[in-house]
There are 2 protein chains.
Amino acid sequence: MVTRKEVAELAGVSEATVSRVFNGLGPMKPSTKERVLEAAKQLNYHPNAIAQSFARRRSGNLGVVLPYMPKVHLFSAYYFSEILSGIGEQVREQGYDMLLSLLKPDESLDYSALYRSQKVDACVILGARDTPEQRQSLMKLQAEGHPFCLVNQRFEGLSFREVDADHIVGSYQAVRHLQEEGYQKIAFLNGSLGYSNSLDRLEGYHKAMKEAGLDVKPELLLEGNYSRKSGYEAAERIWEQREHVEAVFAANDRMAIGLMQGLRERGWIAGRDFAVIGCDDSDAAKLSDPPLSSINVPFYEMGKEAARGVLAGVLQGEAANHTKVKLPTQVVVRQSSKRNPSK
Amino acid sequence: MVTRKEVAELAGVSEATVSRVFNGLGPMKPSTKERVLEAAKQLNYHPNAIAQSFARRRSGNLGVVLPYMPKVHLFSAYYFSEILSGIGEQVREQGYDMLLSLLKPDESLDYSALYRSQKVDACVILGARDTPEQRQSLMKLQAEGHPFCLVNQRFEGLSFREVDADHIVGSYQAVRHLQEEGYQKIAFLNGSLGYSNSLDRLEGYHKAMKEAGLDVKPELLLEGNYSRKSGYEAAERIWEQREHVEAVFAANDRMAIGLMQGLRERGWIAGRDFAVIGCDDSDAAKLSDPPLSSINVPFYEMGKEAARGVLAGVLQGEAANHTKVKLPTQVVVRQSSKRNPSK
DNA sequence: TTGTAAGCGTTATCAG
DNA sequence: CTGATAACGCTTACAA
């Protein structure tokens with residue numbers, strides 16, 4: 001590998017000058033600069049990133065933390081690829097790289113370990129959940145002064161840097177949409193309350209129902225675990241009280257689709273016999289039959305914003321910053337939530 | 001940050017000894033080792049990975065290259081997450097990290113750039129396509145002696161390290177399955193021939209048809225681009241010659257699902273009026289209606305094997321290695337390919 | 001079995 | 001504007 005030294009020799013300058021040229025530092029004679037650049041080109045010199053990291057005492061890496069859950073697929077892979085793309089785009093703009101870290105499920109969740117070896121300067125944490133363990137881990141991170149940004153998860157009572165979609169408004173929109181289509185008996189199939197999203201969605205649901213002067217009967221509140229299967233199983237419970245349900249808002253698309261499948265087996269077709277709207281606007285929403293109405297969540301932008309914020313923090317050497325960003329959602333209407341024909 | 005020096009002082013040994021302890025090198029008195037470990041623990045010392053990389057002249061990073069195609073979703077996100085998980089598992093075992101690199105579509109595809117800064121020791125390249133540009137780029141990589149492994153893509157006439165699924169056998173199995181279910185008029189909806197997979201699948205299709213003594217009429221060969229939309233559009237062409245088609249093998253699940261949607265609009269239901277089998281056994285196959293039969297491709301294992309092989313190469317400092325690995329596929333039967341009732 | 005010391009390729013500070 | 005030079009934290013001969 002060709003080093004700075006060789007470039008300096010060829011250009012007839014000191015090594016320091018070569019560095020200055022490559023880092024755009026200090027005033028310098030254009031002719032010198034040119035000579036250096038010329039020599040570098042001729043030798044095909046490229047600075048060694050590892051040596052730079054070493055000298056700068058910054059890795060130039062943004063850690064991206066994903067809970068690794070084989071087969072469980074908490075994320076629609078849609079989420080996954082959009083958010084990574086967003087982070088990737090931003091990181092590139094800032095001259096950083098992404099170091100992917102897949103957490104093993106059994107692993108005692110010690111986020112600090114990621115920073116210990118100093119291979120990342122900051123992290124974006126995806127798919128966190130509100131458990132005592134994780135709270136502890138995150139508080140430790142913060143106490144140690146390690147910059148990080150949570151995506152899609154708040155921790156009630158704790159304040160971290162975070163980027164989220166506005167799930168309260170999103171749910172509100174979803175339920176309003178169903179109401180506007182003429183439905184009143186609206187059930188809510190939520191996901192685990194370990195995710196702050198779920199709480200937010202519940203709040204949005206309540207708000208919309210209340211504003212419309214509609215009762216929220218406890219029987220209308222179901223809980224799944226964000227899997228298709230749990231949606232499928234919820235179909236049975238919905239079916240039992242079919243007199244009292246005209247429409248369902250599901251907290252993600254996978255459950256919505258499972259629900260449609262379950263009800264279809266009983267002869268109820270979404271968009272004909274009842275309405276469904278999901279959440280995430282994932283690929284599957286377009287693939288399902290009938291196509292699923294959903295709440296679009298700007299995952300790409302969320303990833304990008306998370307990376308932008310936390311890297312800006314690093315580069316400014318800020319002590320601690322608890323910036324919170326909430327991005328807007330949008331209703332996407334497809335066939336599954338068509339107007340109630342009986343109204 | 002606490003450094004080796006401090007540990008050495010506290011333990012009353014030289015810095016070299018501390019390194020030896022942490023690298024498990026050379027014979028050493030157990031008592032010394034213990035003292036060092038004790039000191040390290042007390043100070044909460046952890047070796048600085050960047051400094052290690054610097055001194056070892058190895059980054060400890062495996063680059064993972066993904067063509068970034070917003071919205072196009074070449075990959076089922078299923079593919080994406082499985083394969084990354086496989087790579088992730090393997091790098092962890094070898095003490096490596098994954099550096100994710102999302103290639104922009106417009107970007108002149110220069111793989112060498114990834115190695116130039118020496119931030120990766122090797123790469124796993126996903127989603128490559130057979131274009132003159134990419135051929136050139138890969139040949140350059142090889143000429144420069146940079147280790148890499150292609151996943152899911154061969155280049156006819158060129159020999160690289162590669163891991164693939166056995167798509168020839170996979171397709172053969174798919175078509176055989178349809179035949180065993182009693183179908184004879186079997187169309188093939190392939191993807192772009194820029195992917196070697198597509199060629200392989202075509203070969204498997206031909207083989208199965210030929211062995212069964214069935215003609216392959218050109219009209220039975222359709223080409224999409226692996227998107228749901230292209231499957232949907234293919235439905236029209238299938239419909240036009242519905243007299244001559246009883247079953248369809250689609251080169252991925254997305255197209256298969258699009259096809260089912262398109263034909264459903266014309267009153268043809270998969271698993272009743274015709275049969276479909278897809279390929280990938282992605283999430284969507286389970287979510288579709290009816291559930292889609294498919295060819296399971298061991299993405300996780302492919303990722304793992306690719307990482308294993310290429311890292312083994314790096315660690316042994318091998319000059320060049322063109323190992324080829326082919327992993328087996330499996331038919332997964334669901335409703336969409338049910339037996340032809342008229343037989 | 002352990003210590004000494006020469007790198008590794010930069011950045012960054014301080015003179016000049 | 002440019003050149004010396006001291007870090008940076010570790011690995012790895014080589015010596016003892």
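Throughout, protein chains are lettered first and strands after them, A, B, ... in sequence-line order, and every chain is numbered starting at 1. Worth saying up front: this structure is predicted, and the values here are computed from it rather than measured.
- For the residue pair A:N61/A:D121, the side-chain donor-acceptor check at 3.5 Å is not satisfied.
- Looking at residues 48-61 of chain B, you'll see B:N48, B:A51, B:Q52, B:F54, B:A55, B:R56 sit with a heavy atom under 4.0 Å from some atom of DNA chain D.
- Under a cutoff of 6.0 Å and an axis angle of 45°, A:R161 and A:F148 do not form a cation-pi pair.
- Panel note: side chain A:N197, backbone A:Q153; no donor-acceptor pair is recorded below 3.5 Å.
- Near DNA chain D, defined here as any heavy-atom distance below 4.0 Å, the residues from residues 12-26 of chain B are B:A16, B:S19, B:R20, B:N23, listed numerically.
- Annotation: side chain of B:S159 is in contact with side chain of B:K324 (closest heavy-atom distance under 4.5 Å).
- Between the side chain of B:N23 and the backbone N or O of B:L25, no donor-acceptor pair lies under 3.5 Å.
- No more than 12 heavy atoms of other residues, nucleotides or ligands sit less than 6.0 Å from atom NZ of A:K33.
- In plain terms, the two heavy atoms of A:D110 and A:S137 that are nearest each other are CA-OG, 3.6 Å.
- Put simply, NZ on A:K5 is 10 Å from P on C:dG9, counting in whole angstrom units.
- With a 4.5 Å cut-off on side-chain heavy atoms, B:E305 and B:E301 do not count as touching.
- A heavy-atom distance below 4.0 Å to DNA chain D is reached by none of the residues of residues 112-119 of chain B.
- In the region residues 29-47 of chain B, proximity to DNA chain C at under 4.0 angstrom, judged on heavy atoms, holds for B:K29, B:T32.
- Every residue two or more places apart in sequence or in another chain that forms a salt bridge (Lys or Arg N to Asp or Glu O under 4.0 Å) with A:E93 is listed here: A:K304.
- In this structure the side chain of A:L311 reaches within 4.5 angstrom of the side chain of A:Q94, judged on heavy atoms.
- Looking at heavy atoms from C-beta onward, B:Y300 lies in side-chain contact with B:E89 at the 4.5 angstrom threshold.
- Listed for the B:Y115 side chain is no donor-acceptor partner under 3.5 Å among the backbone atoms of B:E144.
- To the nearest angstrom, P of C:dT2 lies 18 Å from CD of B:E9.
- Residues passing the salt bridge (Lys or Arg N to Asp or Glu O under 4.0 Å) test with A:E34: none are found, sequence neighbours excluded.
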